[in-house]
Amino acid sequence: MATWHEYLINEGQPPEWPYPIKFGQDREIETDVLVIGGGIAGCWAAISAARQGVRVALLEKGDVERSGSGGPGCDHWCNAPANPLSRVDPDEWAVRMADHPYSNGIGVQIQCRENYDTLLELEQMGGKIRDTEDEYVGAEGRDEKTKFMISPRYGVSHNLLPEPGAGEPGFNPPEKRNNVVIRVWGTTFKPALKKECKRLGVQIFDRVMGTSLLNENGVQGARIVGATGLHSRTGEFLIFRAKSVILAASGAGSMWLMSMEHGGYSNMHSRNDSGDGTAMAWRAGATLTMMERTGTIGIATGLKHKWYTGAGDASYENVPLVDANGKRLPYPIQGWEDAGAMMPAPGVQEKIRQGIMSGEYELPIYGDFPAMSDVERRATWNLMLTEESTTKIMVDTLKDGGCDLSRDQLLSYKFIEGQSLPQWRDAGRGGLLVDWNLKTTLDGLYAAGTQTFSAQDHSYCAATGRYAGRKAAAYAKEVGQGKISREQIEQEKDRVFAPTKRTSGIEWKELHNGLTRAMQYFVSEFITERLLKMGLEEIERIEAEAVPRLFALDPHKLMRSVEDLSMIEHAKIIIQAILARKASSRQLGLNRIDYPEMDPPEWNKFLTVKQENGEVKFGELPQRFYGNMKEQYEAHNKDYTGVYTPNN
Amino acid sequence: MSEQKVYAIPNVQTPNMPVIINPDVCIACYKCVQICPVDVFIPNPKEGGPPIILHAEECWYCGCCANDCPTPGAMTFNWPLPLKPRWRNKETGAVGQLK
């Protein structure tokens with residue numbers, strides 16, 4: 001008796017809501033630094049701010065112990081050029097990593113300078129980062145002195161494609177590797193971060209969704225002086241007053257695609273990733289950039305296999321792919337032989353496809369684990385895949401189900417599951433414009449992790465969170481509490497609790513699906529001004545006709561309903577940003593039929609967007625507006641003290 | 001069987017059982033209720049009862065509930081039918097798939 005319907009059948013009645021209902025009841029909290037989002041960036045921000053001696057409150061939609069995209073785990077600590085085994089200079093590596101259009105040189109520089117310090121602090125807290133039990137002695141990349149396990153990734157360059165000579169003898173010799181990516185035991189990270197937050201006295205508000213930022217005196221564009229939150233179990237309304245606020249929420253994962261009945265949300269993120277932070281920053285008047293970027297998602301859990309359950313996905317380091325007859329495919333193995341290349345060279349995918357059609361290769365494809373040496377197989381399966389986000393459970397269930405990779409080959413779903421439709425998209429890379437303090441364009445508001453524009457991976461989120469925490473704390477020490485507006489708070493309460501006033505109409509799932517359909521039709525493969533405007537009209541119609549009918553029967557459904565409102569807001573920003581960029585762009589995933597020239601030089605710039613007095617305002621910034629990365633970083637961090645010790 | 005009470009209830013969510021809970025082993029500590037990022041579970045109104053799977057279709061299969069369950073055998077992860085991974089024995093070709 002564990003499902004809802006079994007309970008009903010056995011008890012003759014459904015279970016009552018198990019938490020006290022407090023719809024619309026207020027609770028006020030005063031703090032110095034408020035962090036919104038308790039994932040990797042948010043936890044690091046909270047810890048780092050608390051270490052500066054200020055009061056910190058952290059609110060998180062799930063439970064900080066396992067929430068966020070990095071909550072279940074992490075396998076690669078990427079871009080750690082300051083580690084002792086690295087052969088590259090951190091500042092030079094940062095320039096290389098940021099050497100593409102629309103990169104965030106600020107965040108990348110912070111990552112490259114500080115993520116090794118961040119990793120060592122993680123170890124202090126109880127995170128496992130070394131092979132201290134000597135489980136992988138003999139594995140390539142393992143250093144006996146430090147017990148670090150270097151990953152093949154970025155061995156020769158940061159390119160995801162194979163470098164010339166990959167696979168040939170003498171390519172990527174151990175004595176020449178970059179050694180900038182470390183294999184880590186990421187399942188230990190999130191519980192350690194929560195423990196440290198508690199030890200430092202961070203006030204944690206689990207199950208609280210941030211809903212709005214509070215501007216001083218309620219004026220859009222003014223300093224941020226607090227935020228509001230919704231408790232997703234009780235419906236309580238929380239009002240936070242803070243001297244500074246750090247946005248560390250997620251991007252929006254399922255704006256184009258929602259197919260829960262197949263299992264999962266048909267993307268690699270949980271529904272909690274609904275872009276609430278971006279939507280609330282927009283309403284508060286913060287400047288966003290890269291909002292016009294979208295891309296087809298390769299991973300569509302549910303509509304495709306669950307990421308990582310088919311051999312050949314990321315983290316399958318050194319696993320050769322073979323066809324049904326055991327013939328090796330010319331596909332990169334993300335291993336030592338190809339220096340961690342993750343994508344096939346141009347034309348190779350098509351060559352394999354033609355080989356399949358001609359009979360040269362027979363489907364299906366398998367990951368040939370038995371062909372690997374015992375220690376390399378264990379390093380890939382027991383370390384990388386066990387420790388990566390959401391994959392420990394896959395490894396454990398396969399093991400329990402009788403799969404033994406010393407003799408078994410794992411089925412890969414490449415080709416047989418088909419390509420993603422161009423309408424299966426996500427946003428991503430759009431976010432808040434930040435400066436060298438990770439401060440946004442609003443006083444008192446900072447951003448970290450995925451919330452920044454052009455964000456990167458786990459260690460980027462950790463390092464930028466840690467950085468934003470100390471900067472926001474320094475600001476909080478200099479200022480007093482700002483004046484909040486009761487009118488702004490009351491308006492927000494009306495917005496948030498409206499769905500609880502009804503018991504029928506449109507439920508959050510239908511609203512979500514209505515939005516995804518509008519985005520699929522009007523903001524996908526075929527982009528023209530006419531279609532975009534139709535998309536905007538469609539979404540405005542949804543707002544005018546469907547949103548007023550939205551109903552929520554309990555606090556959880558209310559949270560999902562408010563997430564829908566965030567996604568609707570987010571979608572409108574995206575459409576308006578695309579309308580404003582009258583050009584196609586490969587990097588931004590835009591193929592405009594009405595402006596077909598790809599990346600014309602006059603459009604080689606960031607487009608910024610914000611709301612001012614309710615009007616949408618656009619601006620622009622040159623590529624690399626952030627200046628010389630090394631010089632700027634050093635100018636802004638003269639007081640940086642390195643790895644935390646209780647005495648510094 | 002003819003006396004079995006049948007309720008009029010909406011279609012059951014799909015998928016509806018991301019984990020299989022053994023009520024005889026579960027100690028109702030509700031660690032899973034605490035940590036599930038998307039709040040799939042609620043505590044059982046009956047004291048000592050196993051958690052109830054309420055929002056089954058919201059599960060994104062992160063596995064944290066089963067990974068962190070402190071009671072061996074209390075919770076088994078249950079992949080939805082379309083998502084069950086497959087493998088084969090390299091020597092014999094025998095095909096395996098999670099049940």
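These figures come from a predicted structure and were not determined experimentally. Computed from heavy atoms alone, side chains included, the values below leave out hydrogens, waters and symmetry copies. Every chain is numbered from 1, with letters handed out A, B, ... down the list of sequences.
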From CA spacing to verdict: salt bridge (Lys or Arg N to Asp or Glu O under 4.0 Å), B/Asp68, A/Arg66: CA-CA 10 Å; B/Asp68 290 356; A/Arg66 284 294 180 199; 2.8 Å; yes
So, do B/Lys90 and A/Arg407 sit near enough that their side-chain heavy atoms are less than 4.5 Å apart? no
Heavy-atom distance under 4.5 Å between the side chains of B/Glu58 and A/Met260, does that happen here? yes
Measure distances from B/Val40 to the heavy atoms of chain A and classify the residue's part below 4.5 Å as side chain, backbone, both or neither. neither
Using side chain to side chain contact (heavy atoms under 4.5 Å, CB included), reason through B/Phe77 and A/Asp396 one step at a time and then give a plain yes or no. CA-CA 9 Å; B/Phe77 205 69; A/Asp396 289 349; over 6 Å; no
At their closest point, which heavy atom of A/Gly302 faces which heavy atom of B/Leu83, and how far apart are they? N-CD2, 3.9 Å
Do you know which two heavy atoms are closest between B/Ile35 and A/Asp63, and how far apart they sit? CA-CB, 4.1 Å
So which part of [X] gets closer than 4.5 Å to some heavy atom of chain B, the side chain, the backbone, both or neither?
X: A/Asp400; result: neither
X: A/Lys190; result: neither
X: A/Lys509; result: side chain
X: A/Phe369; result: neither
X: A/Leu405; result: neither

Contact residues of residues 9-18 of chain B (partner chain A; heavy-atom separation under 4.5 angstrom): B/Ile9, B/Val12, B/Thr14, B/Pro15, B/Asn16, B/Met17
Any idea which of [options] has the most non-hydrogen atom pairs under 4.5 angstrom with chain B?
options: A/Arg271, A/His262, A/Arg233; answer: A/Arg233
options: A/Leu411, A/Asp408, A/Asp368; answer: A/Asp408
options: A/Met559, A/His305, A/Glu65; answer: A/Glu65

